[in-house]
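See below for the structure under consideration.
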Amino acid sequence: DVKVTQSSRYLVKRTGEKVFLECVQDMDHENMFWYRQDPGLGLRLIYFSYDVKMKEKGDIPEGYSVSREKKERFSLILESASTNQTSMYLCASSTRTGAGNTIYFGEGSWLTVV
Amino acid sequence: AQTVTQSQPEMSVQEAETVTLSCTYDTSESDYYLFWYKQPPSRQMILVIRQEAYKQQNATENRFSVNFQKAAKSFSLKISDSQLGDAAMYFCAYRSDATGNQFYFGTGTSLTVIP
């Protein structure tokens, strides 16, 4: 089975802390994504990466950064967590070519910032 | 950016009945793909069904089928013989080669199945 693994399911962090969300995929996919999911807003793209060390901003990159040093790993970083970043974060991966190929998701990381 | 709209935030269906979830999208492209994803409570989002825009025939996967109306830019999901395990959030998504690597998602429809 294909797998996208997010290292933490539930986290509670304090305002101002630096937060790392890690994601690993085992499908040799070129593309990796970080989404934020909030009720009524659906999935909003934060950043995506189409290759190692490459990244592009999504719809809501403010307050976030990413790192992709290896093909299988894509990290989301909250430099200074704020309460409005309390949300569920979804990592996903897909092939670069073939628009008909699906995207695979991790189980999500629930982040609470207090 | 492409726009995908799901106008039904919540839907409910009696067990064994049929329900249709709506999705519309906005695009000027002719070649693209549409997807429905299911996200059960506290579980991973998975692909339910996929439709290629160049195919006139509607996609079907067991109890799940779509009604794809290209001219109307509509892509609804029909769930027949609804089961308790169908209760989930459902997301419609769009992707094309022209949009690069991105998927565009709707805001989701929460489906409740009533025993």
Side-chain angles (χ1 to χ4, degrees), chain A residues 1-6 8-10 23 25-27 29-51 54-61 68 74 87-110, chain B residues 1-10 21 23-25 27 29-55 59 61 66 68 75 88-110:
Chain A
D1 267 354
V2 298
K3 208 154 189 184
V4 178
T5 303
Q6 295 183 229
S8 304
R9 288 297 309 275
Y10 302 96
C23 176
Q25 52 97 0
D26 65 358
M27 295 164 282
H29 284 165
E30 297 88 354
N31 298 336
M32 295 189 75
F33 307 82
W34 275 106
Y35 291 92
R36 173 175 170 162
Q37 183 177 359
D38 298 287
L41 298 177
L43 277 68
R44 293 181 292 169
L45 182 64
I46 304 171
Y47 269 97
F48 76 95
S49 169
Y50 52 89
D51 203 347
M54 305 304 289
K55 62 184 179 185
E56 287 199 20
K57 293 180 180 179
D59 300 319
I60 52 164
R68 192 165 181 201
F74 192 36
S87 186
M88 182 160 85
Y89 292 87
L90 285 171
C91 177
S93 72
S94 75
T95 57
R96 184 189 302 167
T97 56
N101 293 321
T102 186
I103 187 170
Y104 294 89
F105 287 91
E107 291 187 314
S109 297
W110 288 93
Chain B
Q2 312 302 324
T3 303
V4 178
T5 302
Q6 293 178 249
S7 58
Q8 307 154 315
E10 297 177 343
L21 308 183
C23 174
T24 59
Y25 56 95
T27 185
E29 296 158 359
S30 57
D31 292 327
Y32 49 88
Y33 293 80
L34 297 163
F35 306 80
W36 277 100
Y37 289 92
K38 171 185 177 181
Q39 185 183 40
S42 301
R43 292 181 63 187
Q44 211 158 6
M45 191 161 346
I46 57 172
L47 175 68
V48 175
I49 199 165
R50 162 181 34 210
Q51 173 79 41
E52 296 91 334
Y54 64 84
K55 286 189 177 179
E61 289 287 342
V66 299
F68 173 49
F75 182 59
M89 183 72 80
Y90 287 83
F91 290 95
C92 178
Y94 171 104
R95 190 189 193 196
S96 78
D97 287 321
T99 60
N101 297 297
Q102 291 200 44
F103 287 76
Y104 294 92
F105 290 89
T107 52
T109 297
S110 178

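Lettering follows sequence order; numbering is per chain, from 1.
Between the side chains of Gln102(B) and Glu56(A), no donor N or O sits under 3.5 Å from an acceptor N or O.
Arg9(A) CZ: more than 12 foreign heavy atoms inside a 6.0 Å radius.
The CZ atom of Phe105(A) lies 8.5 Å from the CZ atom of Phe91(B); values are rounded to the nearest 0.5 Å. One distance of note links CG of Leu47(B) with OH of Tyr104(A); it measures 8.0 Å at 0.5 Å rounding. One finds the OH atom of Tyr33(B) at 12.5 Å from the OG1 atom of Thr102(A) (value rounded to the nearest 0.5 Å).
Within the 4.5 angstrom heavy-atom criterion, no atom of Gln51(B) approaches chain A. Heavy atoms closer than 4.5 Å to chain B are found in the backbone of Leu41(A), but not in its side chain.
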> Does the pair Ile103(A) and Tyr37(B) meet the rule for a side-chain contact (heavy atoms from CB on, under 4.5 Å), with working shown?
Replying inline: CA-CA 10 Å; Ile103(A) 187 170; Tyr37(B) 289 92; 3.2 Å; yes
> Yes or no on side-chain contact (heavy atoms from CB on, under 4.5 Å) for Leu43(A) and Gln39(B), after CA distance, side-chain angles and deciding distance?
Replying inline: CA-CA 12 Å; Leu43(A) 277 68; Gln39(B) 185 183 40; 5.6 Å; no
>> side-chain contact (heavy atoms from CB on, under 4.5 Å), that's the test. Do Phe105(B) and Gln37(A) meet it? Break it down for me.
In response: CA-CA 11 Å; Phe105(B) 290 89; Gln37(A) 183 177 359; over 6 Å; no
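What you find for Arg95(B) and Ser94(A) is that their closest heavy atoms are NH2-OG, 3.6 Å.
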